[in-house]
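All remarks here apply to the structure that follows.
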Amino acid sequence: MFHFFSKKEFLKDLLEGFVDIHCHILPGIDDGAKNINESIELIKGLQELGVKQFMPTPHVMQDFYPNTDETIGDAYQNLLQALDPKLLSEITINPAAEYMLDENFQKQLNTQELFTLKGNYLLIEMSYFQPPINLEEIIFKIKMKGYLPILAHPERYSFYHNTKGYYKKLKQIGCFFQLNLLSLSNHYGKDVEKIANYLIDEQLIDFVGTDTHNNNHIKKLTNLILNKNSVSKLPHIIENTYNTFSVI
């Protein structure tokens with residue numbers, strides 16, 4: 001009797017030269033790397049996965065992580081000084097931020113003191129409990145100030161899971177979507193995995209990132225096996241992420 005086994009497709013096989021536009025590797029300023037040593041461990045672990053370009057995006061969150069250009073810049077410089085020159089020659093690190101859409105963000109938006117990704121792309125997030133009541137107005141204001149809003153991990157906002165059509169509305173008003181790669185597993189739960197696949201199926205995802213906070217995330221990314229849907233559609237999204245944000 002012959003047994004036919006389908007080849008397992010691992011996420012890591014698609015990440016050679018990857019640009020990670022969403023990770024928390026700067027030391028000691030949010031819920032990611034706690035110190036320099038953890039930062040270096042995360043960088044090495046992501047590098048082994050294929051990441052070559054890093055865009056650290058520490059939280060900017062009024063009540064928990066009130067980061068500024070200064071705190072992000074200081075953490076970045078401390079990390080650069082601690083990295084082995086050989087490792088630093090093999091990668092690039094360009095810091096940005098992940099902005100919570102809170103009251104403080106709207107003040108920062110008015111002064112345009114924001115830490116963007118490459119160009120005017122701005123990474124934003126919402127509370128997991130409820131969206132801002134004026135979300136569409138905020139997105140409009142972001143665009144009026146000349147920024148291109150990227151909503152981080154839209155698949156994780158459970159309040160949209162039963163109103164999936166709203167995702168398309170957000171896209172129509174000019175909001176880009178960045179999917180967390182771990183959402184292609186059950187890491188955040190089966191519901192999130194289901195919505196992640198829906199958003200990919202509907203071609204609503206523009207970019208992907210790891211959203212790495214700790215070594216456990218890297219281990220799960222290393223072992224993540226893709227389903228057939230992801231195998232066929234994810235390479236294009238990864239390529240678009242690279243083409244948009246690569247600085248090499």
Side-chain angles (χ1 to χ4, degrees), residues 10-61 64-100 114-118 121-125 150 152-153 156 178-185 187-188 207-225 238 241-242 244-248:
F10 286 88
L11 169 67
K12 62 183 179 182
D13 295 331
L14 301 179
L15 297 182
E16 186 61 36
F18 183 59
V19 183
D20 192 358
I21 67 169
H22 186 179
C23 56
H24 296 265
I25 60 171
L26 292 186
I29 60 173
D30 68 358
D31 57 345
K34 295 181 179 63
N35 51 52
I36 292 285
N37 289 336
E38 284 194 13
S39 293
I40 294 173
E41 282 184 25
L42 293 181
I43 289 171
K44 288 180 176 179
L46 288 168
Q47 186 187 29
E48 287 181 9
L49 273 174
V51 179
K52 189 172 183 179
Q53 301 180 57
F54 296 79
M55 291 186 174
T57 49
H59 295 287
V60 179
M61 197 179 296
F64 298 97
Y65 307 109
N67 282 305
T68 63
D69 284 6
E70 185 176 2
T71 62
I72 294 171
D74 287 347
Y76 171 60
Q77 290 300 325
N78 290 338
L79 176 58
L80 289 185
Q81 292 171 14
L83 286 174
D84 181 270
K86 181 179 184 301
L87 174 59
L88 193 54
S89 71
E90 297 170 348
I91 61 174
T92 63
I93 306 176
N94 294 291
E98 179 183 13
Y99 290 92
M100 175 63 70
L114 299 172
F115 224 144
T116 63
L117 298 167
K118 184 180 178 183
Y121 284 100
L122 185 70
L123 190 66
I124 58 175
E125 66 173 334
I150 303 176
H153 40 65
R156 295 185 63 191
Q178 173 261 307
L179 182 91
N180 278 9
L181 288 169
L182 277 175
S183 295
L184 299 174
S185 69
H187 175 74
Y188 303 110
F207 312 115
V208 289
T210 70
D211 200 5
T212 293
H213 285 67
N214 52 60
N215 276 317
N216 183 50
H217 288 170
I218 294 176
K219 290 176 184 177
K220 289 192 173 185
L221 288 166
T222 301
N223 296 316
L224 198 157
I225 298 171
I238 291 174
T241 306
Y242 179 87
T244 304
F245 295 103
S246 176
V247 294
I248 295 176

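Positions are given from 1, in the same order as the sequence printed here. These values consider heavy atoms only, across backbone and side chains, with no hydrogens, waters or symmetry-generated copies.
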>> Show, in sequence, the C-alpha distance, side-chain angles and deciding distance for Ile150 and Ile124, and conclude whether the side chain to side chain contact (heavy atoms under 4.5 Å, CB included) test is met.
In response: CA-CA 6 Å; Ile150 303 176; Ile124 58 175; 5.9 Å; no
Any side-chain heavy atom of [X] sitting closer than 4.5 Å to one from [Y]?
X	Y	result
Thr57	Ile21	no
Leu181	Leu224	no
Leu11	Leu221	yes
His22	His24	yes
Asp211	Arg156	yes
Pro56	Tyr76	no
Phe18	Thr210	yes
Glu98	His153	yes

> What residues form a salt bridge (Lys or Arg N to Asp or Glu O under 4.0 Å) with Glu90, not counting sequence neighbours?
Replying inline: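 By the salt bridge (Lys or Arg N to Asp or Glu O under 4.0 Å) rule, Glu90 matches Lys86.
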For [X] and [Y], work out which heavy atoms get closest and say how close.
X	Y	result
Glu125	Ala152	CB-CB, 4.5 Å
Pro27	Ala75	CD-O, 3.7 Å
Ile29	Asn67	O-ND2, 3.0 Å
Ala33	Ser39	CB-OG, 3.3 Å
Gln47	Phe54	N-CZ, 4.2 Å

Report the distance from atom [atom1] of [X] to atom [atom2] of [Y], rounding to the nearest 0.5 Å.
X	Y	atom1	atom2	answer
Leu114	Leu123	CG	CG	11.5 Å
Leu49	Thr222	CG	OG1	4.0 Å
Cys23	Leu46	SG	CG	6.5 Å
Asn94	Leu117	CG	CG	10.0 Å
Leu26	Ile43	CG	CD1	8.0 Å
Tyr121	Met55	OH	CE	11.0 Å

> Where does the angle between the aromatic ring planes of Tyr65 and His59 fall among parallel (under 30°), tilted (30 to 60°) and perpendicular (over 60°)?
Replying inline: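 The arrangement is parallel - the two ring planes meet at less than 30°.
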> Would you find more than 12 non-hydrogen atoms of other residues, nucleotides or ligands less than 6.0 Å from Phe64 atom CZ?
Replying inline: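 Not more than 12 within 6.0 Å, no.
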> If you count the non-hydrogen atoms of other residues, nucleotides and ligands that lie under 6.0 Å from NZ in Lys118, is the total more than 12?
Replying inline: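 More than 12 within 6.0 Å, yes.
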> Tell me the salt bridge (charged side-chain N to carboxylate O under 4.0 Å, His left out) pairs involving residues 11-39, sequence neighbours left out?
Replying inline: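 Checked against salt bridge (charged side-chain N to carboxylate O under 4.0 Å, His left out) - neighbours excluded - no pair reaches residues 11-39.
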> Between the side chain of Tyr99 and the main-chain N/O of Phe115, is any donor-acceptor distance below 3.5 Å?
Replying inline: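 Yes, Tyr99 side chain to Phe115 backbone: donor-acceptor pair under 3.5 Å.
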> How would you list, by chain and number, every residue that makes a side-chain contact (heavy atoms from CB on, under 4.5 Å) with Asn214, sequence neighbours excluded?
Replying inline: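 Asn214 satisfies side-chain contact (heavy atoms from CB on, under 4.5 Å) with Asn216, His217 once adjacent residues are dropped.
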